[in-house]
Colleague: 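Quick one: structure below, then a few questions.
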Amino acid sequence: MVKSWIESFIKRLYNSLSLKLGFSVGLVVFLTILSYAYYLIKTQEALAIQKILGTAGMFSDTLKKSTKYSMLKYQPEAVLKIIEAAGEQAGVERIRIFNKKGTIMYSTLTGEIGKTVNLQAEACFSCHQKDKPLERIPQSVRSRIFSHQKGDRVMGYINPIYNEESCSTAACHAHPPDRTVLGVLDVILSLREVEKEKEKNTRDIIVFALFFFLGASGLVGFCIYYFVNRPINRLRVSTREITAGDLNHPVTIHSADEIGDLSRSFEEMRQKILETTNALETSQKEFQTLFESVPCYISVQDRNLNLVRTNREFRKDFGDSDGAHCYEVYKHREDKCPNCSVEKTFLNGAVYTSEELVTTKDGNKAYVLIYTAPIFNEKNDIVAVMELSTNITTMKALEAELVQSEEAYRLLFNNDPSPIFVVRRADFAILDANARALDLYGYEKPELMQKTFLDLVPEGNQSELLAFFRERKIFLERLKQFNLAGIPFFVNLRCSEGLYRETPVYIITTNDITERIQAEQQLMQTSKMATLGEMSTGIAHELNQPLTVIKTGSSFILRKVRRQQAISNETLITVAEEMDSQVDRASRIINHLREFGRKTEILTAPTQVNEAILGTLTVIGKQLELRQIKVLSDLDPELPLVLADKNRLEQVFINLAMNARDALDEHAVEKKEIKITTRFTEGRVTIVFADNGCGIPPEIQNKIFEPFFSTKGVGQGTGLGLSISYGIIRDYQGEIRVESTPGKGTTFIILFPPYREGEQPKAHL
């Protein structure tokens with residue numbers, strides 16, 4: 001256990017980034033310090049040696065001068081004593097004096113006096129390194145450093161002894177004056193102190209460098225651990241958590257440096273991975289729910305046509321058959337189907353559709369519509385095929401029923417007693433029509449299919465029909481149409497919207513009402529004649545007055561002529577003008593009656609209601625006057641026009657006036673009055689007929705507009721007047737209401753929409 005922990009600890013240390021970086025930085029610092037220390041030591045050593053060299057030069061010159069006198073006097077013992085005394089000083093290893101030939105003349109080591117050294121030895125090499133010895137030795141080559149026999153390093157300094165004038169003239173001197181160098185003074189100084197100082201400095205620097213290395217490494221390692229390694233470890237832990245699938249721990253490193261940026265990038269990556277993972281999980285759940293809950297059979301098959309996976313609907317009807325061959329489960333076959341859609345999808349990756357008969361686990365036969373689609377791996381290779389099968393057994397049954405239903409529909413469509421058209425909504429083209437439509441309109445079916453429904457309507461009525469379709473109304477009354485022979489007829493049109501072979505259409509049914517309209521017109525004409533018959537007394541009186549005036553004028557002129565009496569021009573003009581005026585009056589009455597009673601085609605047109613009221617008073621005004629009924633009219637001169645027929649409006653107004661007359665005759669009042677008022681109120685033209693007659697009992701007020709209903713005695717009325725008036729008003733999109741109080745009078749209120757500019761007139765029979 002301990003060994004394992006130690007190995008793990010060593011491994012962590014070995015793999016520690018902070019340790020590596022700290023050690024590397026410390027090592028670099030350590031080597032830098034050592035390099036710098038080496039440079040300093042070398043520099044100090046060079047300075048120390050230079051200092052010793054200067055000292056050696058001064059010491060050598062002093063020694064040479066000290067021995068000069070003894071040498072001039074040729075006192076060898078004195079020279080030797082001086083050398084020995086000088087050699088006893090600290091740091092002096094040895095002092096020697098060589099002659100020209102290399103023989104040691106004086107030395108602190110008495111044992112080597114008289115010996116001759118090799119001229120190529122370290123003491124002679126500086127002068128004798130060439131064939132011809134140097135006579136003048138520069139300062140730069142006088143010193144030498146070498147190891148002593150004891151192993152210590154020493155510095156040798158040679159100082160040439162030149163043949164001066166005092167030497168060549170001395171009595172003891174044995175050298176000729178032309179000789180330049182007489183010998184060499186060789187001083188060897190110990191470098192032991194320099195070496196000790198060097199070793200001490202080296203040791204101190206190494207210790208300092210080592211401590212600095214350890215401190216710098218530790219500090220750098222700590223900084224790296226705190227500022228780098230610790231955040232990186234947290235990032236590493238977060239990365240491992242993300243790798244392990246744990247995305248719920250945020251990466252929180254609050255710093256503004258690169259690691260903080262890296263942390264924020266990791267956090268953004270984590271959030272995006274979390275969002276993507278959540279979306280993927282949601283998608284997977286949705287897919288799993290869809291896969292299991294979709295109301296059709298889904299199976300995934302491999303290249304051997306084995307069922308790899310199936311959904312709940314499949315397992316319910318075919319059992320849990322994972323691993324079995326599809327053809328064994330579906331069709332109870334021993335070999336694959338000859339035209340297998342799954343196999344074809346494996347070959348080329350295309351989607352295939354087929355319709356097949358399968359057998360459920362209960363032995364029931366079922367028709368299915370099959371779709372196959374490939375499933376690819378990351379290398380875009382087909383690894384499986386998904387087969388989706390929809391049970392269309394019910395659809396098959398419905399198709400059979402639909403065929404029967406279409407046959408029944410076609411039978412009803414062609415045998416319906418009313419014409420039926422199927423009209424396309426987009427352009428009103430006729431897509432179909434039943435046999436009754438062909439009979440009524442006189443077309444063969446191919447010929448009718450080349451027309452639009454608008455072609456069957458006069459141009460003047462097409463805008464009315466277009467407005468009907470645009471406002472999506474259901475019922476249109478009294479539409480005028482033409483058959484193939486150009487004969488007009490009128491129909492009531494019913495329209496509904498639907499689909500015909502996926503095309504939006506209008507289903508239009510028409511009913512020929514031409515005979516009914518003719519009967520209504522005949523009935524209206526009869527009512528007019530009955531009204532004229534009722535007005536005969538008043539009309540006779542109305543015509544009698546102008547005839548009386550004419551008779552009187554003509555009798556006056558005839559009497560004057562017979563008596564041969566002169567008639568003044570003024571009198572003649574007055575009588576003639578009066579007779580002419582009365583003739584015009586009678587002519588207007590007769591023409592109005594003739595126009596009112598004539599049966600003609602009625603056209604709706606912009607009509608002034610006030611003019612129809614004045615025409616009504618022209619016909620029955622005198623009759624009401626004879627019955628002592630006063631007519632009070634208050635007509636709005638700015639009244640808008642209405643879209644109607646003036647003759648038919650007069651028929652309505654005459655009927656209302658005559659009903660008011662009869663009500664006033666039945667009710668004894670002191671002043672009999674009929675008030676006629678016209679106004680434009682609340683966007684509609686309003687006509688009010690009010691009388692102060694006997695009134696209508698409340699229990700029969702809702703019956704007065706019914707055909708053949710009358711409150712008059714037998715032979716006093718047909719009961720058609722108000723019914724016909726109601727129909728006329730309704731034809732012009734109007735409304736009639738009654739307000740009555742028994743014993744006080746009755747008020748009829750008629751409301752018409754005003755004529756709008758551009759509104760098309762409508763023709764009636």
Side-chain angles (χ1 to χ4, degrees), residues 280-377 380-413 498-505:
L280 182 59
E281 289 178 355
T282 302
S283 177
Q284 287 176 342
K285 291 178 181 178
E286 291 176 352
F287 170 76
Q288 183 66 25
T289 302
L290 180 64
F291 183 83
E292 288 294 335
S293 303
V294 68
C296 61
Y297 308 133
I298 300 179
S299 65
V300 178
Q301 303 174 22
D302 60 17
R303 289 187 177 274
N304 297 322
L305 305 182
N306 293 322
L307 297 174
V308 177
R309 187 177 179 186
T310 57
N311 72 336
R312 183 169 55 199
E313 191 73 12
F314 185 96
R315 295 190 295 272
K316 183 184 73 174
D317 287 355
F318 298 99
D320 191 358
S321 307
D322 289 354
H325 291 100
C326 65
Y327 50 82
E328 295 174 345
V329 177
Y330 269 82
K331 304 175 183 177
H332 302 283
R333 295 172 56 97
E334 295 182 357
D335 54 355
K336 65 181 181 180
C337 303
N339 191 24
C340 180
S341 298
V342 174
E343 194 171 43
K344 290 192 290 186
T345 300
F346 267 116
L347 289 176
N348 54 24
V351 175
Y352 286 92
T353 304
S354 62
E355 185 178 317
E356 298 182 12
L357 180 64
V358 299
T359 305
T360 66
K361 65 180 181 180
D362 298 329
N364 297 323
K365 299 293 183 182
Y367 287 96
V368 293
L369 184 62
I370 293 177
Y371 297 88
T372 60
I375 299 176
F376 299 94
N377 62 7
N380 208 31
D381 296 328
I382 300 176
V383 295
V385 170
M386 183 172 65
E387 181 179 273
L388 189 148
S389 305
T390 305
N391 193 329
I392 59 172
T393 306
T394 304
M395 189 183 301
K396 282 286 188 179
L398 290 175
E399 285 180 358
E401 292 179 7
L402 182 60
V403 171
Q404 295 177 359
S405 176
E406 287 183 349
E407 291 177 355
Y409 157 77
R410 181 59 59 180
L411 184 64
L412 293 174
F413 180 76
L499 289 177
Y500 177 77
R501 297 173 183 172
E502 305 300 326
T503 302
V505 296

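Note that the numbering runs from 1 along the sequence shown for the chain.
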Colleague: To the nearest 0.5 Å, what is the distance between OG (Ser299) and CZ (Arg309)?
Modeller: 11.5 Å
Colleague: Taking Asp317 for its side chain and Thr360 for its backbone only, find out whether a donor-acceptor pair lies under 3.5 Å.
Modeller: no
Colleague: What is the distance from atom CG of Leu347 to atom CD1 of Ile382, rounded to the nearest 0.5 Å?
Modeller: 8.5 Å
Colleague: Can you list everything that forms a salt bridge (Lys or Arg N to Asp or Glu O under 4.0 Å) with Arg303? Sequence neighbours excluded, please.
Modeller: none
Colleague: Show your reasoning for whether side chain to side chain contact (heavy atoms under 4.5 Å, CB included) applies to Ile298 and Glu313.
Modeller: CA-CA 8 Å; Ile298 300 179; Glu313 191 73 12; over 6 Å; no
Colleague: So which heavy atom on Ser389 is nearest to which on Cys296, and how close?
Modeller: O-CB, 3.3 Å
Colleague: Nearest 0.5 Å, what's the CD1-CD1 distance between Ile370 and Ile392?
Modeller: 9.5 Å
Colleague: Going by atom types alone, do Thr345 and Thr372 pair a side-chain donor with an acceptor below 3.5 Å?
Modeller: yes
Colleague: Any idea which heavy atoms bring Asn391 and Val368 closest together, and the distance?
Modeller: CA-CG1, 4.2 Å
Colleague: What are the two closest heavy atoms between Asp335 and Tyr327, and how far apart are they?
Modeller: O-CD1, 3.3 Å
Colleague: Which residues satisfy the salt bridge (Lys or Arg N to Asp or Glu O under 4.0 Å) test with Lys344, sequence neighbours excluded?
Modeller: none
Colleague: Mind jotting down which residue pairs meet the side-chain hydrogen bond (donor to acceptor under 3.5 Å, both in side chains) criterion with at least one end in residues 361-371? Sequence neighbours excluded, please.
Modeller: Thr359-Lys365
Colleague: Whether the side chain of Asn304 engages the backbone of Asn306 through a donor-acceptor N/O pair (distance < 3.5 Å, no angle test) should be reported.
Modeller: no
Colleague: Can you tell me how far CG of Leu307 sits from CD of Glu387, rounded to the nearest 0.5 angstrom?
Modeller: 8.5 Å
Colleague: Can you give me the closest heavy-atom contact between Gln301 and Cys326, atom names plus distance?
Modeller: OE1-SG, 3.4 Å
Colleague: Only counting residues at least two apart or in another chain, list the ones meeting ring-ring contact (aromatic ring centres under 6.0 Å, His included) with Tyr297.
Modeller: Phe318
Colleague: Atom CD1 of Ile375 and atom CE of Met386: how far apart are they, to the nearest 0.5 Å?
Modeller: 6.0 Å
Colleague: According to salt bridge (Lys or Arg N to Asp or Glu O under 4.0 Å), who are the partners of Glu328, at least two apart in sequence or on a separate chain?
Modeller: none
Colleague: Please name the pair of heavy atoms, one in Pro374 and one in Gly349, separated by the smallest distance, quoted to 0.1 Å.
Modeller: CG-O, 3.3 Å
Colleague: Does Asn339 form a side chain to side chain contact (heavy atoms under 4.5 Å, CB included) with Ser354? I'd like the steps, not just the answer.
Modeller: CA-CA 10 Å; Asn339 191 24; Ser354 62; over 6 Å; no
Colleague: What pairs meet the ring-ring contact (aromatic ring centres under 6.0 Å, His included) rule with one or both residues in residues 331-363, with sequence neighbours excluded?
Modeller: none
